[in-house]
Structure formats: C-alpha cells, structure tokens
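For reference, the structure is listed below as structure tokens.
In the text below, chain A, chain B and the rest are named by the order of the sequence lines, each starting its count at 1.
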Protein chains: 2
Amino acid sequence: MLHLPDAPDQRLPLYQRLKDAFAGRIAQGEWRPGAAIPPEGELAAEYGVALGTVRKAIEGLVQEGLIDRRQGRGTFVRKADFTNALFRFFRHTQDGQPMRPTGRLLARRTGKAGTRAGQALGLSADAQVLWLTRLRLVAGEPLVVDDIALPLPAFAVLADVPPADFGGLLYPLYERAAAQMVARAREHIAFARADAVTAKRLGIGEGEPVIAIERIAFGYDGAALEWRLSYGSAERFSYDIEIR
Amino acid sequence: MLHLPDAPDQRLPLYQRLKDAFAGRIAQGEWRPGAAIPPEGELAAEYGVALGTVRKAIEGLVQEGLIDRRQGRGTFVRKADFTNALFRFFRHTQDGQPMRPTGRLLARRTGKAGTRAGQALGLSADAQVLWLTRLRLVAGEPLVVDDIALPLPAFAVLADVPPADFGGLLYPLYERAAAQMVARAREHIAFARADAVTAKRLGIGEGEPVIAIERIAFGYDGAALEWRLSYGSAERFSYDIEIR
DNA sequence: CAGTGGTCTAGACCACGGG
DNA sequence: CCGTGGTCTAGACCACTGG
C-alpha cells in the first residue's frame with residue numbers, strides 16, 4: 001500500500017492529497033500521456049482509501065483537463081491538443097471549410113531572454129534561451145507570426161532539429177525531441193499596430209491594425225515551458241465566449 | 001414526497017433528472033435568485049433519494065453556474081452579476097484604479113427586430129422589439145456604445161421607465177421593472193471599423209479600429225432575453241484567457 | 001449551540017467496450 | 001464474457017457559520 005507524500009498539509013482533504021499524488025505521477029512521467037492509469041479499484045487498494053475518494057480525486061483531474069475518463073475503457077492521461085489554440089482567434093476558412101495551416105521557420109538563434117520573456121519563464125533577463133520566429137500560413141497566405149522563447153538547456157536539442165520539422169504543430173515536436181510536455185497555457189489578447197518587420201511578415205501595411213496574443217505555456221508540473229508573442233491581422237480576428 | 005417529471009427520459013440517471021427538476025424550480029421562480037434552497041437532507045427526503053444523489057445533482061448546477069454553495073450557510077440561487085462583463089474586454093483604469101462606468105441612454109424606440117437581432121432572439125424579422133442605444137463612460141470619456149434589442153411585450157414596461165434609470169446596470173433593472181432574470185450570455189468578438197455614427201458616439205475618427213461584441217443573454221429557462229451589439233475603441237481592448 | 005454543507009467509507013448494481 | 005467506469009444507497013463524522 002502506497003503512502004501519500006508527507007509534505008502536503010495533513011489538514012488537506014484526503015481526496016486533495018490523492019489528487020496531488022496522481023498529478024505527481026503524471027508530472028514525473030510515470031503515467032504517460034495517452035496511456036491509461038490503473039483502474040479505480042486498484043488505486044483505492046494501493047492507497048488504502050475508499051473507491052469514492054479515488055473517484056473524487058480523479059474527477060478533480062478531469063476537471064483540470066489533465067485526464068479523460070471513458071466508460072468501459074479506462075482513464076487516460078490527456079494529450080494536450082492545441083491544434084486549434086491560436087486559430088480559435090483567427091478566421092482561417094475558405095469556402096466555409098476550415099483550412100489546416102502550415103508553418104515555416106523564419107529564424108532560430110540562441111540569446112538572452114530579455115525582461116519580458118524572462119519574467120514569464122521565471123528566468124533572469126540575461127538567461128540564455130532559444131528564440132524561434134515562425135510564420136503560419138493558410139492557403140499560402142500569411143495568417144500569424146510567432147516569436148517564441150524556450151528555456152535552455154531543456155530545449156537545446158531543438159537548435160539542431162531540421163527546420164522542416166517546424167512545419168507542423170510545435171508541442172508534439174517539443175514532446176518528441178525535447179521530452180517537454182505542455183499541459184495548459186495562459187493568454188493575453190490586445191490590439192496593436194504592425195511595426196515594419198511584422199507588417200512585412202504578414203504581408204500587410206506598416207501601422208495596420210493587428211491582434212497581439214501573448215502566451216505562456218506550462219508543463220504538468222506547473223513550470224513555464226514556453227513564452228510566445230503572436231501577431232495576426234485584426235481583420236481576421238474572431239472569437240466566441242460563454243459567460244455567466 | 002415529490003415526484004420527478006415523467007417527461008424526461010426514464011433512462012436518464014436519477015441525478016440528472018433531479019438536476020433538471022431543481023433547474024425547473026429556479027426557472028419557475030419558486031427558488032428565487034439570492035435566496036437559499038432547502039438543505040440537502042430535506043431535498044433527499046422530499047424526493048426519496050439518497051443524499052449523495054442530491055449532492056451530485058447540486059454539484060451539476062454549481063458547475064453550470066446556476067447556484068453557489070457555502071459551507072455552514074447553505075446553497076443559494078446565483079444572482080447573475082455581469083457588473084464587469086463588458087469591461088473584462090476594455091481597460092477602464094485610471095492611475096491603476098479601476099473606474100466604475102456610468103451609462104447614458106441615447107435613444108429608445110419600438111420597432112422591428114430585423115433579421116440579425118430577430119434571429120438571435122428567436123423572433124421573426126418583423127417582430128416588434130424595444131430598441132435601446134446606450135453610451136457608457138468612464139471618467140467622462142466614452143468607452144462603449146450599445147445597441148440593445150428587447151422582445152415585446154415582455155419588456156414593454158421599460159418604454160415608460162425614466163431615462164435616468166438606465167444609468168446603472170441594466171440586468172438588475174430588467175429584473176426590477178420587467179421581472180426578467182438573466183442567467184448567462186454568449187458573446188462573439190470581432191474587429192471592425194467605426195462608421196460615422198459610432199465614431200461620433202465614441203469620440204473617435206470615422207474608420208478608426210473598434211472591437212465589436214455581439215451578445216445574446218439568456219434567462220434561467222434558456223430563452224433568449226436580450227440581444228446587444230457593443231462597440232469600443234480597439235486601442236483599449238485587452239483580454240486574458242486560460243486554455244487547456 | 002444547532003444547522004448547514006464537506007469529507008469519507010463500504011458496498012451493490014448498471015452500462016459500456018472490447019475480446 | 002470480463003473488466004472498466006457510472007450510478008445509487010446508507011450512514012458516520014468533520015468544519016464552518018451564525019445566533
């Protein structure tokens with residue numbers, strides 16, 4: 001029978017400590033994304049708690065989007081899928097059909113994080129990071145340009161990956177090449193005007209309205225893994241939200 | 001002992017039917033916003049189910065934002081509070097302090113809904129609605145202008161309410177004057193450019209960038225109560241979001 | 001102090017998915 | 001068919017709130 005870590009406040013509800021223990025096993029890579037975790041009954045026996053308590057802990061993780069449950073099949077560590085994360089904000093349809101974007105790496109270098117990216121990543125402004133500049137296109141038209149900062153040495157291997165590998169989604173690449181898994185992200189959206197460089201990349205005029213999206217992506221352990229600043233033409237901006 | 005409605009599919013889980021029954025009592029006005037609902041044990045006895053089933057039903061309603069629970073106090077029907085709903089999107093601070101906006105009614109008339117508002121409200125384009133145009137200001141500066149459509153005859157009394165009453169929040173006014181309660185809303189956000197009328201109202205130049213927010217507000221029974229289209233200067237647009 | 005929701009347990013049976 | 005998660009029950013005790 002396993003024991004819960006001692007560190008967590010003993011006054012915390014049992015199901016909370018259990019939830020944290022489960023999250024830890026995911027963060028440590030013991031339970032891998034896409035794979036099933038042990039059945040409820042087994043976990044209950046392992047930790048010596050009631051089934052209902054395990055269920056409540058698991059429910060919490062489902063709530064947080066860390067895992068999925070499927071009746072009759074099992075409970076699975078969720079593979080974060082940001083396929084359409086940025087494109088929730090920008091129209092990218094043609095003839096009513098959503099188009100899959102392609103990516104092109106414009107630049108890649110190692111350098112200082114600077115204050116903005118450094119603070120977001122929990123690093124000093126002088127810390128070395130890997131900088132990527134990427135353009136994403138739909139049907140040959142530029143849609144969004146990203147400046148991305150990745151901490152070193154965790155992402156060092158990406159400095160040697162062929163540029164062609166950056167054509168698709170980046171997060172699967174992070175996982176494949178650098179063993180870094182993104183669990184969630186936070187974004188800030190604001191209006192801006194294109195500077196000369198951004199305008200040229202997007203194929204619009206300098207000073208034209210753009211939407212700026214600043215994103216910080218976090219791993220399963222809560223650490224910041226990636227900072228990015230994206231620009232897209234304001235004309236294509238579109239977003240839906242439910243409020244209560 | 002109360003009975004669950006017969007109509008809902010008997011194959012639905014008990015806690016689901018129970019949840020619907022509770023939602024119905026809120027929609028019918030039997031359980032009023034701000035008031036406490038009966039304690040769990042009482043509900044369990046009334047319906048002849050276990051306490052855990054009642055808890056699960058209530059949890060679902062909490063999830064949906066219809067009610068709030070507070071340990072030691074009770075379970076309360078949530079009063080929808082959209083105090084800052086629009087202002088989550090626009091900066092309205094001065095010296096770092098958030099400012100409370102004031103409202104001014106610019107126009108009020110009865111007329112056809114038109115296709116856009118009509119469709120949103122589930123009415124024909126020819127249906128009569130009450131149209132409001134309202135300007136919201138912060139520190140004397142125009143921030144947002146709203147065009148609002150309200151179905152008739154439900155909101156007829158608002159045609160005779162003194163314009164000064166539209167200075168604050170509208171939803172409490174709807175509740176007070178027309179007995180219409182807003183439970184939730186859906187919004188669509190997009191970029192646009194100010195037409196002559198909007199520009200003048202916002203005190204900006206024609207063709208200047210604006211953010212357009214289209215909102216449909218729903219009552220506790222799920223019916224559309226209000227359609228509104230708001231414009232604010234894009235320069236002040238700012239929004240945060242968590243994604244996973 | 002009494003009453004409320006919050007936690008935890010133990011166990012029965014159902015519904016779904018895949019071999 | 002078996003193993004999984006899903007539903008439901010019954011009851012004990014804890015923790016918070018307000019008078």
* Could you work out which one of D/dA10, C/dG6, D/dT7 sits closest to the side chain of B/K56? => D/dT7
* Structure fact -> Closest of D/dA15, C/dC8, D/dG5 to the B/Q71 side chain is D/dA15
* OH of B/Y47 versus C1' of D/dT7: gap in Å, rounded? -> 19 Å
* Asked: What's the verdict on ring pair (Phe, Tyr, Trp, His ring centres under 6.0 Å) for B/Y15 and B/F22, showing C-alpha distance, side-chain angles and the deciding distance?
  -> CA-CA 10 Å; B/Y15 75 89; B/F22 293 165; over 10 Å; no
* What's the CD-C1' distance between B/E40 and C/dG6, to the nearest Å? -> 8 Å
* Structure fact -> Separation of D/dT9 atom P from B/L43 atom CG, nearest Å, is 14 Å
* Asked: If you draw the axis of the six-membered ring of B/F166, does the NZ or CZ of B/R134 fall within 45° of it and under 6.0 Å from the ring centre?
  -> no
* Gap between atoms CD1 and C1', on A/I37 and D/dG3 respectively (whole Å) -> 15 Å
* **Side chain of A/P13 - closest among D/dC8, C/dC8, D/dT9** => C/dC8
* Cation-pi check, A/R186 to A/F218: give yes when NZ or CZ is under 6.0 Å from the six-membered ring centre and within 45° of the ring axis, no otherwise. => no
* **Residue-phosphate contact under 4.0 Å: B/R69 side-chain N/O, C/dG6 OP1/OP2** => yes
* Structure fact -> note: B/I58, atom CD1; D/dC8, atom P; distance rounded to Å ~ 15 Å
* To do: With sequence neighbours left out, write down each residue that passes side chain to side chain donor-acceptor pair (under 3.5 Å) with B/E40, or none if nothing qualifies.
  => B/R55, B/R69
* **Interatomic distance, B/L51 CG vs C/dT9 P [rounded to whole Å]** => 17 Å
* Figure out the CG/C1' separation between A/D68 and D/dG5, and round it to whole Å. => 13 Å
* Asked: Should B/R73 be listed as having a side-chain N or O under 4.0 Å from OP1 or OP2 of D/dG18?
  -> yes
* Residues which pass salt bridge (Lys or Arg N to Asp or Glu O under 4.0 Å) with A/E59, listed by chain and number, not counting sequence neighbours -> none
* To do: Please tell me which of A/G72 and B/P39 maps to the more 5' nucleotide of DNA chain C, matching each residue to the nucleotide holding its nearest heavy atom.
  => B/P39
* Nearest to the side chain of A/L14, which nucleotide is it out of C/dT9, D/dT9, C/dG6? -> C/dT9
* Mind checking A/R55 for me? I need base, sugar-phosphate or nothing, with any heavy atom below 4.0 Å counting as a touch. => base
* Below 4.0 angstrom from OP1 or OP2 of D/dT9, is there any side-chain N or O of B/T53? -> yes
* **A/Q16 CD to C/dC8 C1', straight-line distance once rounded to whole Å** => 14 Å
